[in-house]
Amino acid sequence: MQIQLNGDPRAFEAEPTISELIASLGLTGRRIAVEVNEEIVPRSQHDETRLADGDRVEIVHAIGGG
């Protein structure tokens, strides 16, 4: 299965959850926002939301500043 991750193709053997994707990218515990097919997915739904072939995923890092 293949998704678009921040505009780049990414292949997976199975359909990962958003949490599994985040872990595979080393982003667990970071302040990020995840959008799947132009819809924000709340952090509370990351464990239960499975990605499907062709999904467009955007992950944005929160950056603090002042």
Keeping [X] on the side-chain end and [Y] on the backbone end, is there a donor-acceptor pair under 3.5 Å?
{"X": "Arg10", "Y": "Gln4", "answer": "no"}
{"X": "Asn6", "Y": "Ile59", "answer": "yes"}
{"X": "His61", "Y": "Arg31", "answer": "no"}
{"X": "Asp53", "Y": "Met1", "answer": "no"}

Given His46, which of Ile18, Thr17, Leu21 fulfils the side-chain contact (heavy atoms from CB on, under 4.5 Å) condition?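 With His46 as partner, Ile18, Thr17, Leu21 yield a single side-chain contact (heavy atoms from CB on, under 4.5 Å), made by Ile18.
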Between Ser19 and Asp47, do the side chains contain an N or O donor and an N or O acceptor separated by less than 3.5 Å?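 A donor-acceptor contact under 3.5 Å links the two side chains.
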By side chain to side chain donor-acceptor pair (under 3.5 Å), which residues pair with Ser24, not counting sequence neighbours?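 Side chain to side chain donor-acceptor pair (under 3.5 Å) check on Ser24 returns nothing, list empty.
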Run the numbers on Arg56 and Ile3 for side chain to side chain contact (heavy atoms under 4.5 Å, CB included), then give the verdict. CA-CA 6 Å; Arg56 294 180 325 274; Ile3 64 169; over 6 Å; no
CD1/Ile22 to OG1/Thr28 distance, rounded to the nearest 0.5 angstrom?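 Spacing of CD1 (Ile22) from OG1 (Thr28) equals 7.0 Å.
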Rounded at 0.5 Å granularity, tell me how far CD1 in Ile32 sits from CD in Glu58.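 Answer rounded to 0.5 Å: 12.5 Å.
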Side-chain ion pair, Arg50 and Glu20, N-O less than 4.0 Å: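 Yes.
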Same hydrophobic cluster for Val60 and Leu51, using side-chain heavy-atom links shorter than 4.5 Å among ILVMFWY?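 Result: no, two separate clusters.
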For the hydrophobic clusters of this structure (ILVMFWY residues joined by side-chain heavy atoms under 4.5 Å, transitively), does one cluster hold both Ile40 and Leu5?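 No, Ile40 does not connect to Leu5 through the hydrophobic network.
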